[in-house]
Amino acid sequence: MTYAERMRHKLTEGLAPARLEIEDDSNRHHGHAGSHPSGETHFTVRVVSEKFRGLGRVARQRLVYGLLKDELTERVHALALETKAPGE
Amino acid sequence: MTATNPVFDRIKQDVSANKVMLYMKGSPVFPQCGFSAAVVQVLSHMGVKFKSADVLQDSQLRDGIKAFSEWPTIPQLYVDGEFVGGCDIVREMFQTGELGQLFKTKGVAFNEQARPE
């Protein structure tokens, strides 16, 4: 399974998102600190989930980081995150 | 991680001694990462004075700040001892005007004419 697939799986399970987009931006960071020859180091993740409602920005991102802890430790270097509740 | 991590004392001291404290990769003049550069750009654009620490110079600090903030990535911005967030959050708060509000509330001087481009 690719890291993108693993992240999609974990975010789907953990957040039951109304919308989930994962884009691999690794090419844009090629050769830069944290890049890896096989890519899959930098992603943009856009999530719309009811679970974010009532949470501040930091809490929302911590929730995502918590779910993707293993991926962040193993390979993923940085995530650009957009976290919204439905209707926001 | 427990509170006995010796780096935590240094971080606590830095974030309380400096109203605006940025943990980043590289220096404000030579950022070593696009995300760090983006936060420096926002702060500079707003005319905010800030202190920065380069985590690439110090692996203990690099791991320590992640544990201290319970936040896995760099950059990290602190205002008045409180963790504000990383690059996405800082940028978004600048766009919405919330960052200016925060600086105002915390008594941090900044150029109030500075608007998102």
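Below, read A as the first sequence line, B as the second, and so on, with proteins coming before strands; counting in each chain starts at 1. All values below were derived from every heavy atom in this structure, side-chain atoms included, with hydrogens, water molecules and symmetry-related copies excluded. Here the structure is a predicted model, which means the values were calculated and not measured.
A distance-only check finds a donor-acceptor pair linking the side chain of Asp88(B) to the backbone of Leu81(A) [under 3.5 Å].
More than 12 heavy atoms of other residues, nucleotides or ligands sit less than 6.0 Å from atom CD of Glu88(A). In Glu5(A), the CD atom is crowded: over 12 heavy atoms of neighbouring residues, nucleotides or ligands sit closer than 6.0 Å.
Hydrophobic clustering, with ILVMFWY side chains joined whenever heavy atoms are under 4.5 angstrom apart, keeps Leu20(A) apart from Val48(A).
Taken to the nearest 0.5 Å, the OG1 atom of Thr83(A) stands 7.0 Å off from the CD atom of Glu92(B).
Using a 4.5 Å cut-off between non-hydrogen atoms, the part of residues 50-75 of chain A that approaches chain B consists of Arg57(A), Val58(A), Gln61(A), Arg62(A), Tyr65(A), Leu72(A).
The choice from Gly86(B), Pro72(B), Cys87(B), Ser69(B) that makes the most heavy-atom pairs within less than 4.5 Å of chain A is Pro72(B).
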